[in-house]
Amino acid sequence: AVLLVSSIFSVFALRHQLEQRFDQRKQEIASKLRVNLAQALWNFDRQQAERVIDAELASQDVLAIRVIDERGRLFLEHARENVADIAEKDLVRARLEWSGSGTDGAAEAQALGQVEIDFSREYLERVMFEVIRARLIEIDPNEIVPNPRQPRTNFDPDDLAELVHSVREFGVLQPVV
């Protein structure tokens, strides 16, 4: 039971770590797209925007990227094949702005629209499955043999009955070793 609890805890800890890395990865990609797409859109360079999107689609966890202009219209969309078949997706949105200086020299941000990125949770789930599968071991009870160096070989029936009574009444207060 202690081994099982330890394994469950380590799986939850690993899941938490993977989720944190996944969230960081999503934010990194959104930040890169926010900068690089804003520059391409400001320069009216659709080919540059497509290259930026294609570069991020090379990542195994990015499924689709959509650029929506400041009026809410779809400007550009690239997606992997069979994206509709993937059930678990995370959507991240990032505003696209171009920062420049106005006529009075003060910094101004010009809204260009937004980028939407669909991320796949498939890789995260696959890693978790592999870890869980690696930690589960099947043991045939017939292959379990007593340790020949076990010093405890004789058990007093009265002492065992007292132990059973204590566990039933009070529970296990300290692990039996």
Side-chain angles (χ1 to χ4, degrees), residues 1-37 50-68 77-96 114-177:
V2 174
L3 185 61
L4 179 63
V5 170
S6 172
S7 291
I8 290 172
F9 178 76
S10 65
V11 167
F12 280 119
L14 176 65
R15 178 162 202 91
H16 180 70
Q17 278 182 328
L18 289 173
E19 289 282 355
Q20 282 183 320
R21 279 193 230 142
F22 186 54
D23 287 341
Q24 287 173 343
R25 177 84 175 124
K26 291 187 293 188
Q27 292 311 313
E28 287 169 7
I29 290 174
S31 293
K32 284 195 295 186
L33 287 170
R34 190 178 301 124
V35 171
N36 296 331
L37 283 175
E50 288 178 342
R51 284 192 302 271
V52 167
I53 288 172
D54 288 340
E56 296 306 329
L57 277 174
S59 174
Q60 64 185 355
D61 44 7
V62 177
L63 297 172
I65 299 173
R66 290 172 295 286
V67 179
I68 291 102
E77 178 176 29
H78 284 217
R80 291 177 180 229
E81 292 180 18
N82 303 323
V83 171
D85 298 341
I86 298 175
E88 290 198 54
K89 299 180 216 174
D90 282 7
L91 174 65
V92 173
R93 290 186 175 99
R95 291 177 43 93
L96 298 173
Q114 71 176 358
V115 60
E116 295 180 344
I117 312 134
D118 286 329
F119 289 90
S120 170
R121 299 185 62 80
E122 185 177 302
Y123 176 73
L124 179 80
E125 298 303 325
R126 188 173 52 242
V127 169
M128 284 304 303
F129 175 76
E130 291 298 322
V131 167
I132 291 170
R133 189 170 60 125
R135 291 188 180 177
L136 292 178
I137 301 170
E138 243 183 80
I139 300 174
D140 181 3
N142 295 324
E143 292 182 15
I144 299 174
V145 294
N147 183 349
R149 293 184 297 272
Q150 169 60 268
R152 295 176 292 261
T153 56
N154 297 324
F155 301 97
D156 181 14
D158 294 334
D159 290 342
L160 274 177
E162 184 181 333
L163 177 61
V164 168
H165 173 72
S166 173
V167 169
R168 283 189 180 140
E169 189 169 334
F170 304 109
V172 177
L173 302 177
Q174 184 175 352
V176 179
V177 290

Next on the checklist: Between the side chains of D54 and R51, is the shortest nitrogen-to-carboxylate-oxygen separation below 4.0 Å, so that they form an ion pair?
Outcome noted: no
Item to check | With sequence neighbours excluded, residues passing side-chain contact (heavy atoms from CB on, under 4.5 Å) with F129 | outcome: R133
Item to check | Any L91 side-chain heavy atom under 4.5 Å of R66 side chain | outcome: yes
Checklist outcome for this item: Rounded to the nearest 0.5 angstrom, the CG-NZ distance for D118 and K26 is 11.0 Å
Next on the checklist: As a quick check of understanding, evaluate side-chain contact (heavy atoms from CB on, under 4.5 Å) for R34 and R95, giving each step before the final call.
Outcome noted: CA-CA 7 Å; R34 190 178 301 124; R95 291 177 43 93; 5.6 Å; no
Checklist entry - Roughly how far, to the nearest 0.5 Å, is the CG atom of D23 from the CG atom of L124? => result 9.5 Å
Checklist outcome for this item: For I29 and E56, the nearest pair of non-hydrogen atoms, with its separation, is CG1-OE1, 3.7 Å
Item to check | Note, E116 side chain near I65 side chain (heavy atom, < 4.5 Å) | outcome: no
Checklist entry - Donor-acceptor pair, R121 side chain versus D90 backbone, under 3.5 Å? => result no
Item to check | Y123 atom OH, over 12 foreign heavy atoms within 6.0 Å | outcome: no
Checklist entry - Which pairs, with at least one residue in residues 154-165 and sequence neighbours excluded, count as a side-chain hydrogen bond (donor to acceptor under 3.5 Å, both in side chains)? => result H165-E169
Item to check | Least distance between heavy atoms, L33 atom then L96 atom | outcome: O-CD2, 3.8 Å
Checklist entry - Would E122 and R126 pass as an ion pair if we require N to O under 4.0 Å? => result yes
Next on the checklist: Are the side chains of V92 and F119 in contact, using a 4.5 Å heavy-atom criterion?
Outcome noted: yes
Checklist outcome for this item: Distance col, row L18:CG vs E125:CD, nearest 0.5 angstrom, shows 9.5 Å
Next on the checklist: Looking at R15 and E19, is there a salt bridge between them, counting it only when a charged N and a carboxylate O are closer than 4.0 Å?
Outcome noted: yes
Checklist entry - Out of curiosity, R21 CZ to R25 CZ, how far, rounded to the nearest 0.5 Å? => result 12.5 Å
Checklist outcome for this item: Residues passing the side-chain hydrogen bond (donor to acceptor under 3.5 Å, both in side chains) test with D61, sequence neighbours excluded, are S59
Next on the checklist: I need the E50 CD to L37 CG distance, nearest 0.5 Å.
Outcome noted: 11.0 Å
Checklist entry - If you take all heavy atoms of V62 and R80, which pair is closest and at what distance? => result O-NE, 2.7 Å
